[in-house]
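Here's the structure we're looking at; comments come further down.
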Amino acid sequence: DAGITQSPRYKITETGRQVTLMCHQTWSHSYMFWYRQDLGHGLRLIYYSAAADITDKGEVPDGYVVSRSKTENFPLTLESATRSQTSVYFCASSDGTAVSYGYTFGSGTRLTVV
Amino acid sequence: GNSVTQMEGPVTLSEEAFLTINCTYTATGYPSLFWYVQYPGEGLQLLLKATKADDKGSNKGFEATYRKETTSFHLEKGSVQVSDSAVYFCALISSGGSNYKLTFGKGTLLTVNP
């Protein structure tokens, strides 16, 4: 299916475990982004990528790692999950026309760290 | 840096009432402005946009006008429906460099009662 897909939709993990959230887009968009959504904070940028093998930190990168070996995939890894990382995570992509058209978002992953 | 301030919710209205959600921004240069909507359990969808001063974005009965003199982009709808119940996010993006990072407000929860 065309579009941007995130997996899993829901995840429960234990404190200290490593967990990876997946993001896949079928448009060959060059830009990809990870945001977290928390009540009272709106959406905050974690990491972004301008192209394969090019990534950079956003507003709240601590405790997260990203990679982008292929244009279509942008996984987000929590190296050692903490309860403060309980959140809803959104992936987004853009073809570089974001100034005119914004981003396209995935459906989100709800992560609970217990 | 860039920032977006939205009126805090929640906002509760009766069906057919008039809606205004205020949004003001701080940005360098001439940003593009967006309203995104998030229906329960879903990701963010672009609702409308404006890319230059005095532009009016419109979609699904919603409107917002890019006011450079007041740095505002208020969302309005003349007659809301129960199906408009959602979280609304104001956002901006500044061009320049190659980052194209979208900055969001904290979101406003709208509940429309029949």
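The structure presented is a predicted model; accordingly, all values stated were derived computationally and were not measured. Labels below follow one simple rule: chain letters A, B, ... track the order of the sequence lines, proteins then strands, and each chain is numbered from 1.
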Would one find more than 12 heavy atoms of other residues, nucleotides or ligands at under 6.0 Å from atom [atom1] of [X]?
X: A/Arg9; atom1: CZ; answer: yes
X: B/Gln81; atom1: CD; answer: yes
X: A/Ile12; atom1: CD1; answer: no
X: B/Glu8; atom1: CD; answer: no

Close side-chain approach of A/Leu45 to B/Leu102, heavy-atom, < 4.5 Å = no

In this structure, would [X] and [Y] fall into the same cluster of hydrophobic residues linked by side-chain contacts under 4.5 Å?
X: A/Leu21; Y: A/Val60; result: yes
X: A/Tyr31; Y: A/Tyr101; result: no
X: B/Val112; Y: B/Tyr39; result: yes

message = Give me the atom names and distance for the closest heavy-atom approach of A/Phe105 to B/Leu44.
response =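 Minimum heavy-atom contact is CB-O, 3.6 Å.
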
key: Closest heavy-atom pair and its distance - A/Gln37, B/Phe89   = NE2-CZ, 3.2 Å

ask   = For B/Leu46, is it the side chain, the backbone, both, or neither that has a heavy atom closer than 4.5 Å to a heavy atom of chain A?
value = side chain

message = Which atoms of B/Gln38 are under 4.5 Å from chain A, going by heavy atoms: the side chain, the backbone, both sets, or neither?
response = side chain

message = Quick one, B/Tyr36 with A/Tyr103, criterion ring-ring contact (aromatic ring centres under 6.0 Å, His included). Give me CA distance, side-chain angles, the key distance, then yes/no.
response = CA-CA 10 Å; B/Tyr36 279 84; A/Tyr103 302 164; 7.7 Å; no

query = chain B heavy atoms under 4.5 Å from A/Tyr35: which part of the residue, side chain, backbone, both or neither?
reply = side chain

ask   = Using non-hydrogen atoms only, which part of A/Arg44 is less than 4.5 Å away from chain B: side chain, backbone, both, or neither?
value = neither

note = Rounded to the nearest 0.5 angstrom, the NZ-CG distance for B/Lys106 and A/Leu39 is 10.5 Å

